[in-house]
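Have a look at the structure below, then the notes.
Just so we're on the same page: letters track the sequence lines, and every chain starts at 1.
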Amino acid sequence: MFNKRVKIKQLLTNGVAGEQVTVMGWVRTFRNNQFIALNDGSTNNNLQVVATLGEYDDAILKRLTTGASIKVTGVIVESVGKGQTLEVKATTLEILGDSDAEKYPLQPKKHSLEFLREKAHLRFRTNTFGSVFRVRHALAFAVHQFFNQKGFVYLHTPIITSSDAEGAGEMFRVTTLPLEGAPKNEDGSINYKEDFFGKSTNLTVSGQLEGELGAMAFSEIYTFGPTFRAENSNTTRHLAEFWMIEPEMAFHDLEDNMNLAEEFIKYLIKYVMDNNKEDLEFLAQRLAEEEKQLPQDKRSELGLIEKLEFVLNNDFQRITYTEAIDILRESNHNKKKKFQYPVEGWGVDLQSEHERYLVEKHFKKPVILTNYPKEIKAFYMRQNDDGKTVAAMDILAPGIGEIVGGSQREERLDKLEQRMKEMHIPAEDLSWYLDTRRFGAVPHAGFGLGFERMVLFVTGMTNIRDVIAFARTPNNCEF
RNA sequence: UCCUCCUUAGCUCAGUUGGUUAGAGCAUCUGACUGUUAAUCAGAGGGUCCCCCGUUCAAGUCGGGGAGGGGGAGCCA
């Protein structure tokens, strides 16, 4: 009967000396032929199980190798040794699964993140990844709690889509047609009428357009699901498969949108600080250790927890694109020609070095950039009265860059159609979308938050492949 | 896709101006010890120096090509 066991986190917090317990988990280390450090994933803190000398066969003790799984019954006692207050004195010890010490890759020592990335199926058993994925879980839970409390409806937008007009990125094609000898049209192109859906289909790059349909009925919806981009991006902050949260709200303008996004990010941070203190402390220490390797000027000014507290307790800096260009152009950094790409004219997109300068050097806090030139933004963003800019907003976070991208949407049918024509987006493909502007259109807004980027920010990890269980990146689809 | 750095034992790394038998710590195995905290002590085993080609009397070390990985850029969330 497995369910009678107590989880180690529970035992260490609420265990009472003298209590009889059953615990199960994986051996982290076995010291002195007597002390088992046992972990079951509920916390990074191991339970010390004491196998009193002489009470167990050598044959059993030999099998207490790193990675082996065991079942222990015993009595909670106050620890004689330092390092823990409670421990369990074993009365029975059962090996559930052996782990060949010569073959098990994880040792009781520090491993590089690169090595563990190749052992992604086992890395959950390390302290770092234990903490990262418990925090990831907490953030996912907090996402739902936040929107649920506000009365948003969780809308499941499709994963397979025939919509290819959104233009958010390169798409993965979904087809059941054979690669060799696919049915052809007379002009030699592939005849998708023969395909599973009778048309060309892809994995979604965004649920936004479908999300807007929901917002036009429920007032406020959000999506939280996987998203796919076939971009050949090889960076520490891009994945081919990632999770995105996309709220979409009727009766919201750009300012409401910014307010919600800022409140949302702070809520997520607060939730983890309240509920995952131990994990954050471990991750903070890990980050501090890692940064010791870096030269002084590359280290963070604040520790992980101080950084999160700072973000929580300060307003995000809100400036327009035009103001940002002015700040950058007038900066000493620019005048001394320290930017690789000098800031000159109005109208071009900011380089990541410019974003980093604004966030990390100039304001030293998250920045919300608004009202970008319409030429560098998507067709659905609401056109401002100046005729040059759109009601877009990006939130830039220290160390991560763009964490949120959003906008007030263009609700005026004529303006939207005109913009689509300018950008060569065929209106017939999106007639369902345009219906929201034909029947009871309202001002509305929304944004997308990259979930893994949020996990990066909160955990202080620096590579996005280390905050998703099994990363999909160009040339890599293991597990 | 572009730029750049790296690849030596299971892991993390050292290896001198090219030179004879390639090292350390940890891990593993054997033994000792026993209230340990990544236990400690003694001993042992463990190498296609990423791959291919070239230069040389001689290549882990130099040159060319390839593969894998890290970091940065672009694209974006």
Side-chain angles (χ1 to χ4, degrees), chain A residues 28-38 45-54 58 61-62 65-67 77-84 87 89 99-119 126-127 166-170 205-208 226-246 261 293-294 298 340-341 349-356 376-378 394-397 400-406 447-457 462-466 468 473-476 478:
Chain A
R28 284 284 174 86
T29 67
F30 181 42
R31 287 185 293 269
N32 222 344
N33 233 11
Q34 196 178 172
F35 302 105
I36 304 161
L38 191 68
N45 296 317
N46 299 323
L47 173 70
Q48 173 149 293
V49 174
V50 183
T52 307
L53 286 170
D58 273 4
L61 298 181
K62 282 259 181 255
T65 53
T66 302
V77 293
E78 285 179 20
S79 181
V80 181
K82 290 171 196 158
Q84 60 280 316
E87 62 192 21
K89 189 177 180 314
S99 172
D100 185 339
E102 289 195 68
K103 292 185 183 140
Y104 187 61
L106 303 184
Q107 300 157 15
K109 61 166 278 189
K110 196 181 161 91
H111 288 104
S112 67
L113 295 174
E114 291 81 10
F115 173 72
L116 292 170
R117 221 169 274 156
E118 290 175 12
K119 310 275 178 244
T126 64
N127 285 335
E166 212 262 341
E170 291 294 313
V205 293
S206 162
Q208 182 202 314
T227 309
F228 308 87
R229 306 261 168 105
E231 305 285 352
N232 190 9
S233 303
N234 294 287
T235 78
T236 53
R237 54 192 189 282
H238 288 87
L239 291 164
E241 175 181 294
F242 65 99
W243 289 66
M244 188 152 65
I245 295 133
E246 295 181 288
Q293 317 290 321
L294 298 174
K298 297 241 173 165
Q340 199 185 337
Y341 299 90
D349 212 348
L350 298 178
Q351 304 287 321
S352 39
E353 60 172 342
H354 302 145
E355 297 180 349
R356 273 208 313 276
I376 58 174
K377 288 292 179 185
D394 284 0
I395 302 185
L396 310 177
I400 313 283
E402 188 176 340
I403 194 165
V404 161
F447 62 86
L449 176 131
F451 186 57
E452 282 76 18
R453 290 188 182 175
M454 190 67 206
V455 182
L456 275 182
F457 186 73
T462 49
N463 192 317
I464 202 161
R465 292 161 207 168
D466 294 330
I468 189 165
T473 53
N475 270 315
N476 180 13
E478 294 299 312

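The closest side-chain heavy-atom distance from A/Lys377 to A/Asp394 is below 4.5 Å. The closest side-chain heavy-atom distance from A/Glu452 to A/His238 is not below 4.5 Å. Side chains of A/Ile245 and A/Met454 form no contact here, defined as non-hydrogen atoms less than 4.5 Å apart. Inter-residue side-chain proximity for A/Gln340 and A/Gln351 is flagged as unmet; no heavy-atom pair is nearer than 4.5 Å. Inter-residue side-chain proximity for A/Phe35 and A/Val50 is flagged as met; some heavy-atom pair is nearer than 4.5 Å. Using a 4.5 Å cut-off on side-chain heavy atoms (C-beta onward), A/Asn46 and A/Gln48 make no contact.
Whole-Å rounding puts the A/Ile36 CD1 to B/A39 P distance at 13 Å. Atoms NE2 (A/His111) and P (B/G69) sit 19 Å apart, rounded to a whole Å. A/Leu106 has its CG atom 12 Å from the P atom of B/U12, to the nearest Å. With rounding to whole Å, A/Trp243 atom CH2 is found 15 Å from B/A77 atom C1'. As rounded to whole Å, 20 Å separates atom P of B/C33 from atom CZ of A/Arg31. Between the CD atom of A/Glu355 and the C1' atom of B/C76 there is a distance of 10 Å, rounded to whole Å. Between the CZ atom of A/Phe115 and the P atom of B/G68 there is a distance of 20 Å, given to the nearest Å. Atom CG in A/Asn475 sits about 15 Å away from atom C1' in B/G70, given to the nearest Å.
As rounded to the nearest Å, B/A22 and B/U61 have C1' atoms that lie 12 Å from one another. With both ends at atom P, the span from B/U56 to B/U17 equals 23 Å, rounded to whole Å. Using atom C1' as the reference point in both B/A44 and B/C53, the two lie 39 Å apart (nearest Å). Comparing the P positions of B/C11 and B/U48 gives an interatomic distance of 12 Å, to the nearest angstrom. Atom C1' of B/G66 sits at a distance of 14 Å from the matching atom of B/U7, rounded to the whole Å. One C1' atom belongs to B/G68, the other to B/C52, and the distance between them is 15 Å to the nearest Å. Spacing between B/G60 and B/C49 at atom P, rounded to whole Å, works out to 8 Å. With P as the reference atom, B/A32 and B/C6 are 47 Å apart, rounded to whole Å.
Exactly one of A/Ile36, A/Thr126, A/Leu47, A/Asn127 qualifies for a side chain to side chain contact (heavy atoms under 4.5 Å, CB included) with A/Arg28. That residue is A/Asn127.
Residue contacts for A/Ser112: at a heavy-atom cut-off of 4.0 Å it reaches the sugar-phosphate backbone alone, with no base atom in range. Within 4.0 Å (heavy atoms only), A/Gln340 reaches no atom of the nucleic acid at all. Nucleic acid contact class of A/His238 (heavy atoms, under 4.0 Å, all strands): base. No engagement by A/Lys103 is indicated, since no non-hydrogen atom pair under 4.0 Å with the nucleic acid exists. Note on A/Gln107: a base of the nucleic acid sits closer than 4.0 angstrom, heavy atoms only. A/Asn234 comes within 4.0 angstrom of a nucleotide base, judged by non-hydrogen atoms across all strands. No engagement by A/Ile245 is indicated, since no non-hydrogen atom pair under 4.0 Å with the nucleic acid exists. A/Glu87 comes within 4.0 angstrom of a nucleotide base, judged by non-hydrogen atoms across all strands.
Under a 3.5 Å cut-off, the side chain of A/His354 and the backbone N or O of A/Tyr341 do form a donor-acceptor pair. The backbone N or O of A/Ser99 sits less than 3.5 Å from a side-chain atom of A/Thr65, completing a donor-acceptor pair.
Proximity of residues 447-455 of chain A to RNA chain B (heavy atom under 4.0 angstrom from any strand atom) is restricted to A/Gly448, A/Gly450, A/Arg453.
For B/A39, the base is not stacked against the aromatic ring of A/Phe35, per a cut-off of 5.5 Å between centres and 30° between planes.
The shortest distance between the side-chain N/O atoms of A/Gln48 and the OP1/OP2 oxygens of B/U37 is not below 4.0 Å. Distances shorter than 4.0 Å separate none of the side-chain N or O atoms of A/Thr235 from OP1 or OP2 on B/G72. For the OP1/OP2 pair of B/A73 and a distance below 4.0 Å, the side-chain nitrogens and oxygens of A/Arg356 include at least one atom meeting the criterion. For the OP1/OP2 pair of B/A39 and a distance below 4.0 Å, the side-chain nitrogens and oxygens of A/Thr29 include at least one atom meeting the criterion. Residue A/Arg237 has no polar side-chain atom (N or O) positioned under 4.0 Å from OP1 or OP2 of B/G72. A sub-4.0 Å separation between OP1 or OP2 of B/G74 and a side-chain N or O of A/Asn232 is absent. A/Arg28 has no side-chain polar atom (N or O) that falls below the 4.0 Å cut-off from OP1 or OP2 of B/U36.
Under the Watson-Crick or G-U wobble criterion, with both distances below 3.5 Å, B/G63 is paired with B/C53. Nucleotide B/A22: unpaired (no Watson-Crick or G-U wobble partner with both distances less than 3.5 Å). Across all strands shown, B/G72 is found opposite B/C2 as a Watson-Crick or G-U wobble partner, with both distances under 3.5 Å. Judged by Watson-Crick or G-U wobble contacts below 3.5 Å, the nucleotide B/U28 has B/A44 as its partner.
Nearest-nucleotide assignment on RNA chain B puts the 5′-proximal partner with A/Ala101, out of A/Glu118 and A/Ala101. In terms of position along RNA chain B, the nucleotide closest to A/Pro105 lies nearer the 5' end than the nucleotide closest to the other residue of the pair A/Phe30 and A/Pro105.
Scanning atom types as modelled, no donor and acceptor separated by under 3.5 angstrom connect the side chain of A/Ser233 and the base of B/C76. With hydrogens and angles ignored, no donor-acceptor pair closer than 3.5 Å exists between the side chain of A/Gln34 and the base of B/U37. Scanning atom types as modelled, one donor and one acceptor separated by under 3.5 angstrom connect the side chain of A/Ser79 and the base of B/G35. Between the side chain of A/Gln351 and the base of B/G74 there is no donor-acceptor pair of N/O atoms closer than 3.5 Å.
Nearest to the side chain of A/Glu114, among B/G71, B/C76, B/G70, sits B/G70. Out of B/A73, B/C26, B/A77, the shortest distance to the side chain of A/Leu239 is found at B/A77.
A/Leu116 contributes atom CG, which lies 8.5 Å from atom CG of A/Asp466 (distance to the nearest 0.5 angstrom).
The 12-atom threshold is exceeded at CG of A/Asp100, counting heavy atoms of other residues, nucleotides or ligands nearer than 6.0 Å.
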